[in-house]
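Every chain is numbered from 1, with letters handed out A, B, ... down the list of sequences.
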Amino acid sequence: MRTENQKFKSVSTENVKPPAVNIGLIGWIRTNLFSSWFNSILTVITVYILWKTIPPFVQWAFIDSLWFSTGAECHEAGGACWSVVLKNFRFILFGFYPHDQQWRPLLAMGMLIGLLFFSRNRNHWNIYLAYSWMLGLLLMGFLMKGGILGLVPVESIQWGGLPLTLILSVFGLTAAYPLGVMLALGRQSRLPIIRSLCIVYIELIRGVPLISLLFMSSVVFPLFFPEGVTFNKIIRAQIAIILFTAAYIAEVVRGGLQAMDRGQYEAAESIGLNYYQTMRLVILPQALKIVIPPSVSILISAFKDTSLVVIIALYDLLKTTQSTLTNPEWMGFSAEAYLFIAIIYFICCFFMSNYSRRLERELNRSNR
Amino acid sequence: MTGKQNSKISGKVSFWNDPAKRSILYQLEALLLIGLLGYYLFSNITHNLERQSIATGFGFLQKEASFEIGESLISYSAADRYARALWVGILNTLLVSFIGIILTVILGTVIGVSRLSKNWLVSHLAAVYIEVLQDIPVLLQLFFWYAFFYEILPSPKQALNPVGGIFLCNRGLSFVIPVFHSAHIYMAIAFGIACLAVAFLRRWSRQRHEKTGVPFPLFRVSLALLIGFPLLTWWLSGAPTQMDVPELIGFNFQGGANISPEFTALLLGLVLYTSAFVAEVVRAGIQSVSHGQTEAAMALGLTPSHILKLVILPQALRVIIPPLTSQMLNLTKNSSLAVAIGYPDFVSVAGTTINQTGQAIEGVAMIMIVYLFFSLLTSAFMNWYNKRIALVER
């Protein structure tokens with residue numbers, strides 16, 4: 001008895017460890033998976049469902065899968081047929097772009113991704129970045145179109161695949177931005193006619209699905225122009241996407257304008273700036289900075305929404321995949337092909353949305 | 001200020017420096033520009049239509065449609081008029097949106113709550129679901145589910161039978177329904193009466209609660225009324241239990257209720273995609289109510305169910321409802337993608353109409369007007385709701 005007591009005293013509190021069931025792996029499992037009877041049931045059910053779904057999926061996607069076979073071999077095997085993607089890789093990515101010229105869209109995409117990565121850093125946000133974007137987009141256009149510097153001209157009707165998806169969304173957002181800012185300013189304007197025109201435009205576009213505008217671009221736009229003047233389908237779809245995106249940008253920019261402190265307007269007026277100077281020098285530089293995170297969200301939805309051009313038969317990433325699947329050799333492997341492009345879309349959107357969230361946090365912190 | 005002083009001194013401001021006159025000038029200019037653009041487009045359109053000898057106006061609505069529609073809520077045949085065909089399309093759009101919205105709200109709430117679960121596995125699975133399904137275009141998801149039905153699911157002979165009475169195959173989803181009996185009509189009437197009774201009960205219990213402070217177990221009693229009364233009617237009118245079970249006859253299922261693969265794929269794609277967004281809305285709404293509110297309610301001695309009903313939900317719903325409504329509208333607008341997988345929604349029927357009559361302008365205008373009507377309806381609801389919750393606020 002006494003020995004036990006002595007032992008008890010000799011242990012200093014610093015060396016007392018919490019019970020083994022509260023720390024380490026067991027502790028973690030207890031607090032996170034089995035904290036109550038309800039949670040325990042949930043965990044058991046979830047683990048059971050995962051056990052029933054994940055191993056068969058791994059079996060199908062990796063163990064039984066074929067990667068470099070012909071379509072006929074795939075039809076006999078039971079696993080996933082990734083050959084449908086690998087054998088048609090270049091068509092899915094580039095569409096009908098001439099085979100020996102496909103380095104050009106690849107280079108253009110590389111430039112675009114490089115520009116996007118360069119723009120991530122907030123220290124690079126200045127007027128030169130805007131110029132380099134303009135220059136970059138122009139260069140990409142020339143690179144795709146050709147016809148100068150000895151590049152073989154490629155009609156834009158032959159563009160397709162991932163470059164088309166990227167061009168429609170990134171170029172659409174860039175071109176829609178000035179229009180959107182103008183609409184937002186118009187909506188905040190004191191002039192009643194201009195304000196109501198802008199409100200009608202914004203609410204009209206936001207009220208209808210993009211597909212109705214794409215329909216309009218494919219069947220109504222040709223009627224708008226005098227005889228002999230025609231635009232090809234891609235440009236018409238691009239115009240529809242620009243008109244559509246501009247309305248959403250206008251609403252985002254309006255949010256930024258409304259977040260501006262009243263004092264900013266008053267200060268600008270008191271030093272004698274007129275409306276345009278106030279907007280250009282004081283309000284817009286601050287408002288546009290606030291709305292960069294939601295603008296990235298608009299880019300994400302524009303990127304996803306461009307897949308709708310499938311419906312008016314443009315060969316974007318989704319359409320090239322679909323037409324690969326109409327080939328009798330590769331018929332029936334939709335799941336594999338769609339999973340592949342889903343991964344492409346997911347990676348792009350995931351990075352953009354993560355970036356947007358991080359930026360929002362950073363801007364919030366620096367504003368405080 | 002300076003303007004006023006100047007005007008006092010000189011008595012008159014030059015036309016160009018008077019902001020009021022200048023603003024009128026700007027607006028006239030804007031109107032003129034838009035008018036000119038409109039005139040230019042209009043003259044081109046009339047010229048082009050004449051050249052291609054396309055009719056104008058909505059006269060075509062009264063002509064024979066002469067195309068079949070796969071599924072319809074009202075009787076329709078190819079001999080019917082375009083107007084009826086378009087009406088079928090609108091009803092189909094409303095049907096898929098209505099069912100889609102209900103399922104989306106349920107699934108989205110479950111996932112949004114799971115995201116906040118203390119269970120690590122459940123909350124991370126919910127996070128993965130939200131992240132993955134938000135980032136894949138909804139059209140791609142629709143194509144995937146459509147292919148799932150036509151390529152992966154077996155033919156009716158080997159139909160999947162997960163639960164008794166439900167058959168899943170490449171011809172769609174077949175499930176068992178009760179054979180029609182007059183008792184079902186009485187049940188529907190009983191349900192209506194129960195609803196009315198609940199409404200009165202609600203008013204009475206609230207008045208009594210306010211007067212005497214005696215609470216009334218409204219929820220349980222209403223639930224019992226809503227379920228029990230129709231059940232009682234069913235039992236009284238002979239308790240018919242005959243079921244119409246789908247049976248494999250020849251190459252397809254006969255009997256029971258059948259939902260086409262197009263409809264199921266569309267519903268599945270829309271619900272899974274939109275519920276990821278709804279889950280985020282629900283999560284943000286619940287997180288917007290600070291924990292101090294729960295603690296304060298506990299300190300007052302409220303029961304957990306009262307805390308949820310009287311403290312958390314009213315505050316969370318105020319944050320949740322507006323973005324939730326816009327997600328519902330998004331689902332309705334996205335249901336127009338049905339055209340890509342061949343479900344005859346409004347856009348799809350209007351597209352066929354455009355192809356047959358060549359009257360593109362009228363067709364696109366109709367599509368826009370119908371969806372504008374939906375979104376104006378939604379924003380009217382939002383305004384009404386915002387006013388209502390503004391009254392609650394003091």
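- Chosen from B:L329, B:N330, B:I361, B:V138, the residue pairing most often with chain A at heavy-atom distances under 4.5 Å is B:I361.
- Of the atoms belonging to B:Q134, it is backbone heavy atoms, and not side-chain ones, that fall under 4.5 Å from chain A.
- Separating the CD atom in B:E29 from the CD1 atom in A:I193 is a distance of 12.0 Å, to the nearest 0.5 Å.
- Neither the backbone nor the side chain of A:I344 comes within less than 4.5 Å of any heavy atom of chain B.
- The distance from atom OH of A:Y201 to atom CD1 of B:I34, rounded to the nearest 0.5 Å, is 11.0 Å.
- Residues A:F215 and B:G351 share a closest heavy-atom pair of CE1-CA, 4.4 Å.
- Counting heavy atoms of neighbouring residues, nucleotides and ligands inside a 6.0 Å radius, atom CZ of B:R22 exceeds 12 of them.
- Residue contact with chain A, scored on non-hydrogen atoms closer than 4.5 Å, is absent for B:L28.
- For A:R190, the CZ atom is loosely surrounded, since the number of other residues' heavy atoms within 6.0 Å does not exceed 12.
- Closest approach of A:L308 to B:L139, counting heavy atoms only: CA-CD2, 3.9 Å.
- For B:L125, the part sitting under 4.5 Å from any heavy atom of chain A is the side chain, from C-beta outward, and nothing else.
- The part of B:L31 that comes within reach of chain A is its side chain, from C-beta onward, which places non-hydrogen atoms under 4.5 angstrom from that chain.
- A distance of 11.5 Å separates NZ in B:K118 from CZ in A:F38, rounded to the nearest 0.5 Å.
- Contact count against chain B (heavy-atom pairs under 4.5 Å) is highest for A:G332 among A:S212, A:S189, A:G332.
- For the set A:Y338, A:Y345, A:F333, the count of heavy-atom pairs under 4.5 angstrom toward chain B peaks at A:Y338.
- At a 4.5 Å heavy-atom cutoff, the contact between B:L372 and chain A is made by backbone and side-chain atoms alike.
- Heavy-atom distances place the side chain of A:S353, and not its backbone, under 4.5 Å from chain B.
- Crowding of B:F381 atom CZ: a count of heavy atoms from other residues, nucleotides or ligands under 6.0 Å exceeding 12.
- Distance alone, capped at 3.5 Å, is enough to place a donor-acceptor pair between the B:N119 side chain and the A:N39 backbone.
- Residues A:P222 and B:N48 share a closest heavy-atom pair of O-ND2, 3.9 Å.
- Between B:S23 and A:L191, the shortest heavy-atom distance links the atoms CB-CD2, 3.1 Å.
- Ranked by heavy-atom pairs under 4.5 Å with chain A, the first of B:L121, B:I24, B:L140 is B:L140.
- Here the CH2-OG distance, from B:W145 to A:S334, works out to 13.5 Å after rounding to the nearest 0.5 Å.
- When the candidates B:A350, B:A30, B:S336, B:A340 are compared by the number of heavy-atom contacts under 4.5 Å with chain A, B:S336 comes out ahead.
- In this structure the side chain of A:T321 never reaches within 4.5 angstrom of the side chain of B:F143, judged on heavy atoms.
- Only the side chain of A:L318 has a heavy atom closer than 4.5 Å to any heavy atom of chain B.
- Atom NZ in B:K333 sits 13.0 Å away from atom CD1 in A:I211 (nearest 0.5 Å).
- With respect to B:E280 and A:R357, no salt bridge is recorded, no charged nitrogen being found less than 4.0 Å from a carboxylate O.
- The contact between B:V339 and chain A is made entirely by side chain atoms (from C-beta outward), counting heavy-atom distances below 4.5 Å.
- To the nearest 0.5 angstrom, B:I136 atom CD1 is 7.5 Å from A:F346 atom CZ.
- Residues A:L213 and B:M368 come closest through the heavy atom pair CD2-CE, 3.5 Å.
- The contact between A:Q322 and chain B is made entirely by side chain atoms (from C-beta outward), counting heavy-atom distances below 4.5 Å.
- For a residue to count as touching a neighbouring chain, one of its non-hydrogen atoms must lie under 4.5 Å from one of that chain's; by this rule A:I343 does not touch chain B.
- Neither the backbone nor the side chain of A:F34 has a heavy atom closer than 4.5 Å to any heavy atom of chain B.
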Stepwise, does the side-chain contact (heavy atoms from CB on, under 4.5 Å) test hold for B:E151 with A:M331?
CA-CA 9 Å; B:E151 286 177 10; A:M331 232 177 235; 5.8 Å; no

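- Neither the backbone nor the side chain of B:S335 comes within less than 4.5 Å of any heavy atom in chain A.
- Without hydrogens or angle criteria, A:N32 side chain to B:W120 main chain gives no donor-acceptor distance under 3.5 Å.
- Counting non-hydrogen atoms of other residues, nucleotides and ligands closer than 6.0 Å to CZ of B:F42 gives a total of 12 or fewer.
- For the options A:L204, A:I347, A:T31, A:I300, heavy-atom pairs under 4.5 Å to chain B are most numerous at A:L204.
- In this structure, A:F340 places its CZ atom where more than 12 heavy-atom neighbours from other residues, nucleotides or ligands lie under 6.0 Å away.
- Only the side chain of B:V122 has a heavy atom closer than 4.5 Å to any heavy atom of chain A.
- For the pair B:E131 (side chain) and A:F350 (backbone), a donor-acceptor distance under 3.5 Å is absent.
- Listed options B:A360, B:S43, B:G358 were ranked by heavy-atom pairs under 4.5 angstrom with chain A; first place goes to B:A360.
- Considering A:S307, A:C349, A:S301 as possible partners of B:P137, the one that fulfils the side chain to side chain contact (heavy atoms under 4.5 Å, CB included) test is A:S307.
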